[in-house]
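One structure is given below, encoded as structure tokens.
Throughout, protein chains are lettered first and strands after them, A, B, ... in sequence-line order, and every chain is numbered starting at 1.
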Amino acid sequence: MRGQARKESLSDSRDLDGSYDQLTGNPPRPTKKALKQRFLKLLPCCGPQALPSVSENSVEDEFELSTVCHRPEGLDQLQEQTKFTRKELQVLYRGFKNECPSGIVNEENFKQIYSQFFPQGDSSTYATFLFNAFDTNHDGSVSFEDFVAGLSVILRGTIDDRLNWAFNLYDLNKDGFITKEEMLDIMKSIYDMMGKYTYPALREEAPREHVESFFQKMDRNKDGVVTIEEFIESCQKDENIMRSMQLFDNVI
Amino acid sequence: MAAGVAAWLPFARAAAIGWMPVANCPMPLAPADKNKRQDELIILNVSGRRFQTWRTTLERYPDTLLGSTEKEFFFNEDTKEYFFDRDPEVFRCVLNFYRTGKLHYPRYECISAYDDELAFYGILPEIIGDCCYEEYKDRKRENAERLMDDNDSENNQESLPSLSFRQTMWRAFENPHTSTLALVFYYVTGFFIAVSVITNVVETVPCGTVPGNKELPCGERYAVAFFCLDTACVMIFTVEYLLRLFAAPSRYRFIRSVMSIIDVVAIMPYYIGLVMTNNEDVSGAFVTLRVFRVFRIFKFSRHSQGLRILGYTLKSCASELGFLLFSLTMAIIIFATVMFYAEKGSSASKFTSIPASFWYTIVTMTTLGYGDMVPKTIAGKIFGSICSLSGVLVIALPVPVIVSNFSRIYHQNQRADKRRAQKKARLARIRVAKTGSSNAYLHSKRNGLLNEALELTGSPEDEHLTKTTSLIESQHHHLLHCLEKTTGLSYLVDDPLLSVRTSTIKNHEFIDEQMFEQNCMESSMQNYPSTRSPSLSSHPGLTTSCCSRRSKKTTHLPNSNLPATRLRSMQELSTIHIQGSEQPSLTTSRSSLNLKADDGLRPNCKGSQITTAIISIPTPPALTPEGESRPPPSSPGSTTNIPPIGSNIVKVSAL
């Protein structure tokens with residue numbers, strides 16, 4: 001990762017004329033945040049990796065680096081709210097704070113952290129979906145409470161809780177239904193993480209076929225959408241899924 | 001995967017929940033966490049400064065010393081901490097690397113010390129963070145240059161006796177200071193280069209007139225003289241070139257090198273002129289060729305370091321020069337075009353075409369301003385002034401870059417020269433230290449033998465000779481001593497102070513041991529002359545081999561006829577250990593040892609006899625070595641001390 005960072009340079013004219021985004025390789029959406037980040041990239045003090053988290057809530061001036069520092073609630077409250085022990089919370093917080101000293105994770109950071117686990121493929125889309133799933137109050141940032149709450153459900157929750165969380169992840173617009181398009185997006189993002197060099201080679205229609213088979217399994221009343229009840233019911237009937245849900249018991 | 005996010009691995013694994021429901025196949029089993037022990041604090045004691053960190057922090061990088069089980073070697077059971085006897089300052093950086101995932105290079109740290117520490121902890125320097133990487137690389141490059149310079153000058157100073165004639169010649173050419181002949185050659189060629197250049201110049205000076213009121217250049221007036229001078233110079237240059245070609249280690253590379261091309265270009269016109277006739281057509285071309293004679297002045301660059309640096313600078317600034325040239329060309333074309341069209345209207349304008357305006361633009365941009373072409377229209381004047389202003393800017397821009405490059409290279413060279421000068425002093429210091437330590441070894445050895453002898457004789461008055469040495473020193477000396485024993489040679493140093501006076505040593509037993517030792521050492525010397533070996537083999541019962549000797553420790557032949565040389569040589573050996581030796585080093589060949597023994601012997605044979613009871617190799621005197629009449633060994637006598645023969649020689653002997 002760091003080798004790659006070194007190869008990126010300010011003299012890359014593609015970066016300067018904005019035709020592609022250094023992180024994802026896609027053309028960037030010209031949001032205000034992106035414009036500010038691009039400007040900051042030109043400044044010699046900011047490397048492409050060390051961008052500070054720019055919270056949309058901060059009212060600072062354009063050119064000041066964000067100084068928002070979010071502190072989580074006390075350890076006791078977190079202990080009550082989640083199912084982690086004190087020690088586990090301590091370990092989690094240390095890791096969290098190490099990577100995000102300001103106390104909150106924004107989407108860019110999140111994507112970057114997640115991409116370090118998948119060096120070959122492009123995990124940014126899936127990371128975005130994850131981010132939206134963790135960011136329960138939809139404020140554009142994941143604080144430690146959000147982080148720990150999500151982890152608590154996945155790692156310490158009941159099977160139903162976990163299935164619920166997964167449904168929430170799939171339901172991109174949070175309307176309670178998973179449509180085929182949403183599922184296709186999810187599927188494509190998962191396949192993207194594998195990267196180009198796979199065996200057998202990735203076929204164009206593989207995600208679509210996978211979505212079809214998923215819907216065949218899950219969609220009981222064949223109305224083209226999957227509701228939460230259909231989802232949980234179908235998953236409970238599937239042995240593989242039940243067994244794989246139990247994998248998460250021993251992650252921490 | 002950067003280990004800084006290793007702490008986030010549980011999160012990544014948890015995020016896999018999104019894949020589970022869509023997976024068609026069952027998931028593989030998760031790896032069992034066998035050592036699921038709670039994270040604990042471990043203490044790292046580095047030279048007294050205690051650092052504490054979590055065990056998992058260190059385990060982020062399992063291929064380093066601290067992250068692997070290698071650190072268990074440093075675990076101190078008593079204090080339950082890991083103790084490292086290293087620099088705590090650098091350790092701070094190393095530990096920060098584990099904590100943050102970024103390795104920094106502190107500017108105040110010496111580059112080789114830092115590299116050593118990194119190598120110790122098993123961390124590759126390549127992962128130094130971007131913030132410090134450039135600095136690290138710069139310092140490393142400087143260090144490498146310094147080492148290369150040292151190596152180069154070392155190689156230059158080694159007097160390899162096995163250099164062939166060709167190699168010596170090449171070295172003489174490249175480095176004129178190696179020998180006087182090279183220096184002479186260097187100055188002679190320099191002189192002739194100067195002569196040649198001056199003749200070229202003076203040739204064209206008009207001196208005197210010929211009837212007809214025509215000015216003659218000196219070259220034509222004294223044609224013969226100049227021709228002779230030219231011939232002489234070209235002779236010298238040709239000889240030099242051929243010699244260099246012969247001596248060059250890689251002829252092909254030499255031919256392609258710049259200096260050799262200059263050499264060739266410098267002498268070619270003369271030969272071409274010899275070959276060519278006085279034909280009118282070709283003589284014009286020939287005149288052009290004579291211009292190349294001026295290249296001889298470049299031969300001076302072998303004689304001047306400054307010129308070489310200048311050339312090297314220009315070469316290294318090639319890109320800047322290219323940029324300068326390119327921007328100048330652009331500006332010239334632009335302004336020439338503008339001036340041409342601006343002056344097109346004016347009558348009798350000198351700006352007849354755009355290329356004609358080039359001359360004006362160049363002269364104006366370089367602020368020469370000859371005045372042979374001037375704009376007359378107002379527009380022309382305006383653009384002309386803009387042209388001259390911009391010219392100043394365009395030329396001034398790349399010049400500082402070139403200057404700074406030159407300065408850097410020049411200073412580097414100066415530093416290299418300074419290092420070479422300091423190196424001599426440094427080497428001298430190292431030599432002194434080395435001889436000091438070997439002196440110390442020999443000193444302690446003599447004292448050690450002496451002490452042993454003295455202890456046994458119990459003479460108290462000489463106890464003050466004992467010198468206390470540290471444990472490390474004594475172990476080192478023991479090591480050197482073992483080496484001596486193994487090879488049968490011994491270290492030697494001229495040190496007349498080390499003559500030792502001892503009282504008569506009467507202790508039988510001790511001397512037995514002594515002689516045993518020395519004989520063992522001697523016997524392991526392989527380079528016995530061939531004449532001896534029959535003698536040795538002819539007495540198998542009393543061979544010189546160590547083991548058999550030892551087994552026959554009790555054989556005493558008190559009245560045996562000891563071979564004079566052998567005895568003497570043994571004695572020489574023993575004495576050499578004890579005395580300050582005026583004799584040549586023992587490490588030379590055995591034959592010289594024989595000689596030495598012989599030399600030492602002749603005075604001895606008149607004196608009292610020294611025998612040892614144990615060493616009884618009755619080599620018949622007839623078999624004693626080549627060509628020298630040996631005095632027959634005298635009958636064994638009593639133990640005595642031989643009076644010093646010209647020097648302080650003490651022979652340790654025994655009955």
Side-chain angles (χ1 to χ4, degrees), chain A residues 1-3 5-6 47 49 87 90-92 94-96 98-99 112-114 116-119 126-127 129-130 133-134 147 150-151 153-155 162-163 165-167 169-170 183 186-187 189-190 193 210-211 213-214 217-218 231 234-235 238-241 243-245 247-252, chain B residues 1-34 36-41 53-57 59-61 96-104 124-134 136-137:
Chain A
M1 309 297 148
R2 303 205 184 260
R6 200 165 287 130
Q49 275 188 12
K87 267 214 182 320
Q90 283 178 337
V91 169
L92 279 172
R94 282 207 300 270
F96 186 85
N98 215 8
E99 204 55 32
Q112 185 206 338
I113 293 170
Y114 198 68
Q116 303 211 7
F117 294 101
F118 302 98
Y126 188 70
F129 299 146
L130 276 179
F134 270 94
F147 181 72
L151 281 187
V153 169
I154 302 175
L155 301 177
R162 291 176 186 170
L163 289 173
W165 203 92
F167 184 86
L169 174 69
Y170 296 146
M183 205 58 225
I186 302 258
M187 204 62 74
S189 71
I190 295 180
M193 278 198 282
H210 206 146
V211 170
S213 68
F214 176 81
K217 203 168 33 165
M218 301 283 164
F231 182 74
S234 316
C235 288
D238 189 332
E239 265 207 30
N240 278 340
I241 297 182
R243 215 187 341 231
S244 53
M245 283 294 158
L247 274 180
F248 296 97
D249 291 334
N250 295 327
V251 168
I252 284 195
Chain B
M1 188 187 81
V5 293
W8 285 64
L9 186 58
F11 156 71
R13 297 178 72 195
I17 195 171
W19 314 338
M20 300 300 150
V22 298
N24 290 332
C25 346
M27 293 287 135
L29 287 173
D33 195 356
K34 291 191 189 77
K36 199 180 171 118
R37 43 171 189 201
Q38 291 288 3
D39 203 3
E40 50 173 356
L41 277 177
T53 182
W54 298 106
R55 186 176 286 277
T56 45
T57 310
E59 283 166 3
R60 283 183 195 157
Y61 297 97
N96 273 336
F97 165 63
Y98 286 91
R99 292 178 182 140
T100 62
K102 297 201 197 94
L103 180 62
H104 295 283
L124 294 175
E126 273 68 40
I127 47 181
I128 291 185
D130 287 336
C131 40
C132 303
Y133 194 66
E134 221 181 287
Y136 174 79
K137 271 293 178 210

Subject >> Other residues, nucleotides, ligands: >12 heavy atoms within 6.0 Å of B/Glu134 CD >> reply: no
Original post:
Where does A/Ser213 contact chain B at under 4.5 Å (heavy atoms): side chain, backbone, both or neither?
Top reply: side chain
Subject >> Heavy-atom contact with chain B under 4.5 Å, split by part of A/Phe231 >> reply: side chain
Shortest non-hydrogen contact from [X] to [Y]?
X	Y	result
B/Pro21	A/Met218	O-CE, 4.1 Å
B/Met20	A/Ser244	SD-CB, 3.4 Å
A/Ile154	B/Ala14	CG2-O, 3.5 Å

Subject >> side-chain hydrogen bond (donor to acceptor under 3.5 Å, both in side chains) involving B/Trp19 - partner list, sequence neighbours excluded >> reply: A/Tyr126
Subject >> Nearest-0.5 Å distance, CG of residue B/Leu9 to CD of residue A/Gln116 >> reply: 12.0 Å
Subject >> A/Phe248 CZ to B/Ile17 CD1 distance, which is reported to the nearest 0.5 Å >> reply: 5.0 Å
**OP:** Taking the side chain as every heavy atom from C-beta outward, state whether A/Leu155 and B/Arg13 have any pair of such atoms under 4.5 Å apart.
**Re:** no
Subject >> Close side-chain approach of B/Val22 to A/Tyr170, heavy-atom, < 4.5 Å >> reply: yes
Original post:
Quick check, are the ring centers of B/Phe11 and A/Phe134 under 6.0 angstrom apart?
Top reply: yes
Subject >> Top contributor to chain B contacts, counting heavy-atom pairs under 4.5 Å, from A/Val211, A/Leu247, A/Leu169 >> reply: A/Leu247
Original post:
Most heavy-atom pairs under 4.5 angstrom with chain B, which of A/Val153, A/Leu163, A/Ile190?
Top reply: A/Ile190
**OP:** Could you pull out all residues at least two apart from A/His210 that satisfy ring pair (Phe, Tyr, Trp, His ring centres under 6.0 Å)?
**Re:** A/Tyr191
